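Remarks on the structure that follows.
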Amino acid sequence: MAWVYLVIAGLFEMGWAIGLKYTDGFTKLVPTTLTVGAMIISVVLLGIALRDLPVGTGYAVWTGIGTVGTALLGMYLFGDPATAARLASIGLIVAGIIGLKLVS
């Protein structure tokens, strides 16, 4: 169950990272409220997952999910460049996440 909590926490991390773009420097109430809510949910779920997972593995996977998801959503939503080097780097992060899961 810890891995489920961790994946959901990572998804909420993606949500707050993307949400930051929509807050316009925390000047828009609804996006700011949703972003702060996603931050809280993400950290709480990470904390729950870390009851059963090693902290290094849990934190690395949490940030990895957030990093990969945010980078891909940035390309899709905001037109961030999708260069071969960027996509290869994302692939390396995914490989690291898979590796950490396999050895935990």
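Keep in mind it's a predicted model, so treat the numbers as computed, not measured. Side chains are part of it too, since the values below use all heavy atoms of this structure and drop only hydrogens, waters and symmetry mates.
Residue Phe78 places its CZ atom among more than 12 non-hydrogen atoms of other residues, nucleotides or ligands, all under 6.0 Å distant.
Under a hydrophobic clustering in which Ile, Leu, Val, Met, Phe, Trp and Tyr are joined whenever their side-chain heavy atoms come within less than 4.5 Å, directly or via other members, Val30 and Ile40 fall into different clusters. A single hydrophobic cluster is not seen to contain both Met14 and Leu34; linkage of ILVMFWY side chains at heavy-atom distances under 4.5 Å, directly or through other members, places them apart. Under the 4.5 Å side-chain heavy-atom criterion for Ile, Leu, Val, Met, Phe, Trp and Tyr, Val68 and Ile98 are members of the same hydrophobic cluster. In the hydrophobic clustering of this structure, Val4 groups with Phe12; members are Ile, Leu, Val, Met, Phe, Trp, Tyr whose side-chain heavy atoms approach within less than 4.5 Å, directly or through other members. In the hydrophobic clustering of this structure, Leu53 groups with Val7; members are Ile, Leu, Val, Met, Phe, Trp, Tyr whose side-chain heavy atoms approach within less than 4.5 Å, directly or through other members.
Note that NZ of Lys21 and CG of Leu77 are 10.5 Å apart. Values are rounded to the nearest 0.5 Å. Distance check: Ile18 CD1 to Leu73 CG gives 5.0 Å after rounding to the nearest 0.5 Å. In this structure, the separation between CG on Asp52 and CH2 on Trp3 is 11.5 Å, given to the nearest 0.5 Å. To the nearest 0.5 Å, atoms OG1 (Thr57) and CG (Leu6) are separated by 9.5 Å. Within the model, atoms NZ of Lys28 and OH of Tyr22 stand 10.0 Å from one another, a figure rounded to the nearest 0.5 Å. For the atom pair Leu100 CG and Ile97 CD1, the distance stands at 8.0 Å (nearest 0.5 Å).
Nearest approach of Ala49 to Ala2, heavy atoms of both residues: CB-O, 3.4 Å. Listed here is the closest heavy atom pair of Met75 and Ile90: CE-CD1, 3.4 Å. Between Ser42 and Ala9, the shortest heavy-atom distance links the atoms OG-O, 2.9 Å.
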Report task. Report the C-alpha separation of Leu46 and Glu13 in whole Å, then their side-chain angles, then the decisive distance to 0.1 Å, and conclude whether the side chain to side chain contact (heavy atoms under 4.5 Å, CB included) test is met. Result -> CA-CA 10 Å; Leu46 173 63; Glu13 186 189 6; over 6 Å; no
Requested in this report: Quick one: do Trp16 and Ile41 satisfy side chain to side chain contact (heavy atoms under 4.5 Å, CB included)? Show the steps, please.
Outcome: CA-CA 10 Å; Trp16 70 255; Ile41 292 168; over 6 Å; no
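Residue Thr67 forms a side chain to side chain contact (heavy atoms under 4.5 Å, CB included) with just one option from Leu72, Ile93, Val94, and that option is Ile93.
A donor-acceptor distance shorter than 3.5 angstrom exists from the side chain of Thr23 to the backbone of Leu20, with no hydrogens or angles considered.
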